[in-house]
Structures are given as structure tokens and as C-alpha cells.
Amino acid sequence: MSRVYNFSAGPSALPEEVLKEAAEEMLDCNGTGQSVMEMSHRSKAYEPIIQETEALVRELLNVPENYKVLFLQGGASLQFAMVPMNLKKLGKAAYVNTGVWSKKAIAEAKKYLTVDVIATSEDKNFSYIPTIEPVVGDYDYLYYTMNNTIMGTKWAYIPEAKRPDGTPIPLVTDASSCILSEPLDISKFGIVFAGAQKNLAPAGVTLVIIREDLIPETPAVENTPTMLQYKTHSDNDSMFNTPPCYTIYMMGKVLKWIKKNGGAQGMAKRNQEKADLFYNYLDNSPFYHATAAVGSRSLMNIPFLTKYSTGATDEASVAKEKEINDKFVKAAAAAGLVNLKGHRLVGGMRASIYNAMSIEGVKALIAFMDKFAAEN
Ligand SMILES: Cc1ncc(COP(=O)(O)O)c(C=O)c1O
């Protein structure tokens, strides 16, 4: 079967040339006669692989010297707990609730400290990013989800926060679904973390970029497990235990592909072009419309509804809406455009167009949508 255009929200499409290169090296990586999957993580053969991946993260994101780059496990979801466990000092943190992933982070943080939800966009089903004034309070950190994978929204600005005495409050952000989709000023953050399975690599590793002074000697949360302490991983260069070796190797390859294609700037240009094309199509269509508010729209995840999603709750309307959505997803898959089913909280369809998605993929989707609209 020929390759499809994969619009999955995650794990997601990887650049084809990366997959080909990995396939070529599957049985013999760098003349070692071994697959990376078979190497000891402490071997001379593996060492340069993880080192190169870290160097590429630092280069592409312009990571300042006083930050650690960690490759952890447990997914982005484990960071929902590690952040409060390690950053707790004053015992209170500010969170912005912009949807499912923020809610999960809030629920987890509440186990370890007091959470102030300082803003939310729940009133409009999280279809926009709230505008917040500079935050002032005795907070250990301010947390937000930079790109909301399910709702298709993205922060267009970096919020500001300080303590009553004027000292800056560290910002923590979950950048799982937008990391390296455009440049990011890491120096504005205390922690940036991202599950890799959208823009960076296959599933299995979480990238954590943390300012060194935020890594506690001993976390204030009693009995924090060794594996959940940033210090454990920082002191051991992500090698305290066996890291996800193959996934880190794949991340290195994806990062080289990003570098070759213009780095973060190159990705921003590519992603803006794809998103402009798609939003422009949706905004001018009598059949489809985007759900995210202008000004808060994600470049990566684009949920959309058809004219049959009227909001009516009578049985016939709900059945018609479901019928059209199911028909769309099925027909799209048959046309080689897969994983377009929307999340149940938004409904309709969702096209995730991460770095690896080409402009040709977006054009193919639009051509299909046009035909589908004409027929329905
Ligand atoms: C923004 C965001 N945060 C966190 C997660 C959870 O990531 P993981 O499955 O790696 O725990 C996801 C997964 O889709 C996500 O999109």
C-alpha cells in the first residue's frame, strides 16, 4: 500500500526520509553491526547518539546554558505530577484552564499543593485562549498548556507573573503539541516539557527543559520517589536508569530533518503556510467551519464542523450530524487521508498538521473536502 496522509493528533506522522533512514540502519547502525534497539545505553556506540540529540535540542531551541535538557519517561502526563512535586516551596501555584490537558494537570497538582485557577475558557467550550493581566501572587509557578491539542487553540502570547515583592514567578508550559513548530524563547520559562510523539519522535520519551536553579536538592513533597525527582535525571544526564534509547535516536533523526529544513524558523514558515491555507478554506466555505476563535488558533490541530453541526439536540439533527461525520471520516480514509475523526468533546473532524505534514497533504485534504461538500 502506498503511504497515506496521516492527520493523527498523536502519535503522528514522521518525516518519510527519517523513517527510511531508520529502516536502512535497522540491522547495522553506524557500522556497529547492531540495531540501536540492541545497544547498551552505556556503550561507546550509543553515547554519541544521545549526546547528539541533546546538542540538536539545544541548537534548534537556542537553549540557554543554565538549562538542563532531560529525556524522561512516563509521558507528558507524568510531568503533571513531577512539576508540583519538585517546584513546591510556598505551596501554591497558578494554573490557566484551557481544556482537557490543563484540567488533568490541575487535578494532579491539587494532590501536592494549593491550585489557583486564575483564568479559564470553559464558558465557551475552550474555543479561545483567555487574555490574562500580569499575574501577581505568592505562587511557586504559573502553569499553562501552550497548544491545546483537542480544542485546537494556541497561546499567541507568553503570560507574565511576579510575586508581590517583584521577583518573577517561573513559567511552566506543556508544549507537547507545538514544540519546535515555531521558535520559542526558552529563557522566558522555568520548565518547558513535551511528550515527543507529535513533533519530535515516536512515543516513549518526554523532553523536559528545566532551568537549573529550579531543580531542588530534595523536593518539599515528602517521599518523592527517586525517579520523580528532576535532580536524579539531571545529575545522571538522563541515564540514571535505562532511557528510551531508540526513541531518543529517532528524535535525533527528526531534529536533523528539522535543521535541514530551516530549523524552528523554517518550521514556522511551513506550518503557517499550511494553517493559512486550511483556515482560509474553512472560513470561506459554506459547508465547513473552524471551531477555534480567531486569535487563538492552533497551527497544529485544526478541529472543524460541517453545516450539519447546528447545535440542535433533537434526535434527528444529532443522528444526521453523526451520519455526515462518520461518512466524512470513512470516505477520507478510503481516499488515503486518515485519522480525521474529531475528539468527542468538540465533535466533527480534526486535522492535525504537525511539522511532518506536507503542504501537499493539506492540499489533498482540501480537494477531498470540496468534493465531499459538493456531494453532501
Ligand atoms: C497537550 C498535551 N499534553 C499532554 C498530553 C499527554 O501526553 P502523554 O500521552 O505523553 O502523557 C497530550 C497528549 O495528547 C497533549 O496533547
Side-chain angles (χ1 to χ4, degrees), residues 6-14 70-85 95-109 111 120-122 125-130 141-156 158-159 171-182 184 189 191-209 227-228 233 238 243-244 246-248 250-251 254 271 291-292 296-303 339-346 350-357:
N6 179 5
F7 296 90
S8 167
S12 318
L14 289 162
L70 306 176
F71 302 106
L72 305 186
Q73 296 181 70
S77 299
L78 190 57
Q79 294 309 306
F80 300 165
M82 281 182 75
V83 165
M85 288 177 109
Y95 277 71
V96 182
N97 180 11
T98 53
V100 171
W101 299 111
S102 310
K103 276 191 180 177
K104 291 195 178 191
I106 289 166
E108 204 63 11
K111 295 179 182 170
T120 175
S121 50
E122 197 155 16
N125 197 27
F126 302 111
S127 58
Y128 70 102
I129 298 293
Y141 58 90
L142 167 64
Y143 180 106
Y144 70 103
T145 312
M146 191 172 282
N147 184 80
N148 296 276
T149 323
I150 293 172
M151 308 304 172
T153 59
K154 182 195 78 163
W155 285 68
I158 296 176
L171 288 183
V172 176
T173 197
D174 174 357
S176 293
S177 48
C178 60
I179 189 87
L180 270 169
S181 62
E182 54 189 342
L184 183 64
F189 294 87
I191 298 180
V192 176
F193 70 86
Q197 64 271 23
K198 301 163 199 302
N199 256 345
L200 295 178
V205 70
T206 309
L207 177 68
V208 176
I209 303 172
M227 278 294 287
L228 301 192
H233 303 288
S238 304
Y246 194 77
T247 318
I248 292 168
M250 286 298 286
M251 192 193 289
V254 172
N271 292 326
T291 58
S296 299
R297 288 174 164 183
S298 168
L299 293 181
M300 301 279 94
N301 313 98
I302 308 186
N339 291 318
L340 283 159
K341 187 171 166 31
H343 191 279
R344 76 193 145 74
L345 293 175
V346 184
R350 172 176 50 169
S352 293
I353 53 173
Y354 297 113
N355 287 348
M357 175 59 63

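Everything numeric in this text was worked out from a predicted model, so none of it was measured. Note that ligands are numbered from 1 as they come in the structure, with each ligand's atoms numbered from 1 the same way.
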Under 3.5 Å, side chain of [X] to main-chain N/O of [Y], donor-acceptor pair present?
{"X": "T206", "Y": "G75", "value": "yes"}
{"X": "R350", "Y": "G152", "value": "no"}
{"X": "D174", "Y": "W101", "value": "no"}
{"X": "K198", "Y": "A9", "value": "yes"}

What's the shortest distance from [atom] to any protein heavy atom, and which residue and atom give it?
{"atom": "atom 7 (O) of ligand 1", "value": "A76 CB, 3.4 Å"}
{"atom": "atom 6 (C) of ligand 1", "value": "W101 CZ3, 3.4 Å"}
{"atom": "atom 3 (N) of ligand 1", "value": "D174 OD2, 2.6 Å"}
{"atom": "atom 11 (O) of ligand 1", "value": "S77 OG, 2.6 Å"}

Just which atoms of ligand 1 are under 4.0 Å from any heavy atom in [X]?
{"X": "T149", "result": "1 (C), 2 (C), 15 (C), 16 (O)"}
{"X": "F80", "result": "4 (C)"}
{"X": "G75", "result": "10 (O), 11 (O)"}
{"X": "K198", "result": "13 (C), 14 (O), 15 (C), 16 (O)"}

Handout entry: Qualifying salt bridge (charged side-chain N to carboxylate O under 4.0 Å, His left out) pairs, either residue in residues 144-155, two or more places apart
Key =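 Residue pairs passing salt bridge (charged side-chain N to carboxylate O under 4.0 Å, His left out), neighbours aside: K154-E182.
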Are side-chain N/O atoms of [X] and [Y] paired as donor and acceptor at under 3.5 Å?
{"X": "N271", "Y": "S181", "result": "no"}
{"X": "S127", "Y": "N125", "result": "no"}
{"X": "Y354", "Y": "N301", "result": "yes"}

With nothing but distance in play, are any N or O atoms of [X] less than 3.5 Å from an N or O of ligand 1?
{"X": "Q197", "value": "yes"}
{"X": "S177", "value": "no"}
{"X": "G74", "value": "no"}

Problem - K104 and ligand 1 - part of the residue with a heavy-atom distance under 4.0 Å - result: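 The answer is neither; K104 stays 4.0 Å or more away.
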Handout entry: Non-hydrogen side-chain atoms of V100 and N148 separated by less than 4.5 Å
Key =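 No - every pair of side-chain heavy atoms lies 4.5 Å or more apart.
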Problem - ligand 1 contacted by N147 (non-hydrogen, < 4.0 Å) - result: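 True for this residue.
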